[in-house]
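Report on the structure given below.
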Amino acid sequence: MYSEKVMDHFNNPRNVGEIENASGVGTVGNAKCGDIMRMYLDIDDNGIIQDCKFKTFGCGAAVATSSMATELVKGKTVQEALQVTNKAVMEALDGLPPVKVHCSLLAEEAIHAALWDYAEKHNIKIEGLEKPVNDISEKEEDVEEDY
Ligand code: FES
């Protein structure tokens with residue numbers, strides 16, 4: 001049911017933890033399943049993501065997708081990090097079962113929430129970044145129709 005990569009990231013999640021004095025922190029949840037994810041970004045003066053850590057109170061797919069998402073955004077610019085969509089995370093994990101697709105949205109939205117926090121703190125605007133939602137289940141229905 002799950003790919004080897006999903007199992008690997010679930011059993012050995014990368015970048016679990018917190019970043020003290022993070023440049024941006026984002027927390028999102030899904031009211032339907034009750035899962036919560038928090039993402040921390042350390043962004044340098046050139047707008048490069050030097051470090052990324054996460055904490056997830058959620059299902060196995062949420063753990064695996066957040067772990068992969070942190071790996072994908074590290075070393076990227078803020079703009080490039082916006083390309084790390086839930087689809088990109090799922091592809092990097094060799095897919096997720098359809099009922100678990102919504103879990104990958106948490107990872108994408110948590111990154112966006114952390115970037116939003118960073119932009120607000122630094123008084124900048126990140127092109128293409130929309131204000132994130134706190135409860136991802138509001139967005140879910142639109143997404144699930146695509147799969
Ligand atoms: Fe809620 Fe996976 S079941 S994020």
Side-chain angles (χ1 to χ4, degrees), residues 1-43 47-121 126-147:
M1 179 170 171
Y2 287 113
S3 72
E4 270 176 38
K5 281 191 191 164
V6 172
M7 291 311 291
D8 178 33
H9 278 265
F10 169 62
N11 287 317
N12 308 293
R14 326 300 199 259
N15 310 308
V16 175
E18 296 178 21
I19 297 176
E20 255 184 68
N21 303 317
S23 318
V25 183
T27 308
V28 294
N30 183 328
K32 279 193 197 151
C33 63
D35 291 354
I36 298 169
M37 188 180 296
R38 180 168 292 165
M39 208 52 97
Y40 300 81
L41 295 175
D42 179 19
I43 302 171
I48 311 276
I49 298 172
Q50 293 294 343
D51 201 7
C52 178
K53 291 206 186 300
F54 79 95
K55 280 188 161 178
T56 295
F57 183 78
C59 73
V63 171
T65 50
S66 23
S67 167
M68 181 54 93
T70 58
E71 292 275 275
L72 291 177
V73 298
K74 262 204 216 179
K76 290 203 161 60
T77 65
V78 163
Q79 278 302 329
E80 287 166 345
L82 282 183
Q83 312 301 317
V84 180
T85 58
N86 77 308
K87 277 190 187 165
V89 172
M90 283 197 297
E91 270 167 31
L93 285 169
D94 294 337
L96 278 177
V99 291
K100 287 288 169 186
V101 167
H102 77 273
C103 313
S104 63
L105 267 184
L106 265 187
E108 176 187 315
E109 200 67 9
I111 291 172
H112 288 183
L115 288 171
W116 187 268
D117 182 46
Y118 163 75
E120 280 203 321
K121 281 181 181 152
I126 299 175
E127 207 56 51
L129 178 64
E130 286 174 22
K131 193 172 185 346
V133 296
N134 292 328
D135 175 8
I136 199 72
S137 65
E138 291 168 20
K139 278 193 167 180
E140 222 169 67
E141 274 135 34
D142 318 339
V143 172
E144 276 174 3
E145 281 166 16
D146 299 343
Y147 290 90

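For ligands, and for the atoms within them, numbers begin at 1 and follow the listed sequence. Positions are given from 1, in the same order as the sequence printed here.
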Between atom CZ of Phe57 and atom NZ of Lys55, what is the distance when rounded to the nearest 0.5 Å? 12.5 Å

Euclidean distance, Glu71 CD relative to Cys52 SG, rounded to 0.5 Å: 9.5 Å

Structural part of Ala61 in contact with ligand 1, heavy atom criterion under 4.0 angstrom: neither

Atom pair CE/CD of Met68 and Glu91 - distance to nearest 0.5 Å: 11.0 Å

Any N/O/S of Cys33 under 2.8 Å from atom 1 (Fe) of ligand 1? yes

Using a 4.0 Å cut-off to any heavy atom of Lys100, which atoms of ligand 1 qualify? 2 (Fe), 3 (S)

Is it true that Leu106 lies under 4.0 Å from ligand 1, counting heavy atoms only? yes

Among Leu93, Thr85, Thr65, side chain to side chain contact (heavy atoms under 4.5 Å, CB included) partner for Ser104: Thr65

With a cut-off of 4.0 Å, which atoms of ligand 1 are near a heavy atom of Cys59? 2 (Fe), 3 (S), 4 (S)

Looking at Cys103, which atoms of ligand 1 are within less than 4.0 Å of one of its heavy atoms? 2 (Fe), 3 (S), 4 (S)

Side chain or backbone of His102 under 4.0 Å from ligand 1, or both, or neither, by non-hydrogen atoms? side chain

Are Lys131 and Trp116 packed together at the side-chain level, in the sense that at least one heavy-atom pair is separated by less than 4.5 angstrom? yes

Would you call Arg14-Asp8 a salt bridge at under 4.0 Å N-O? yes

What do you reckon, is CG of Asn134 surrounded by more than 12 foreign heavy atoms closer than 6.0 Å? no

Please state whether Lys32 comes within less than 4.0 angstrom of ligand 1, counting heavy atoms only. no

For N/O/S atoms only: which one belongs to Asp35 and is nearest atom 1 (Fe) of ligand 1? OD2

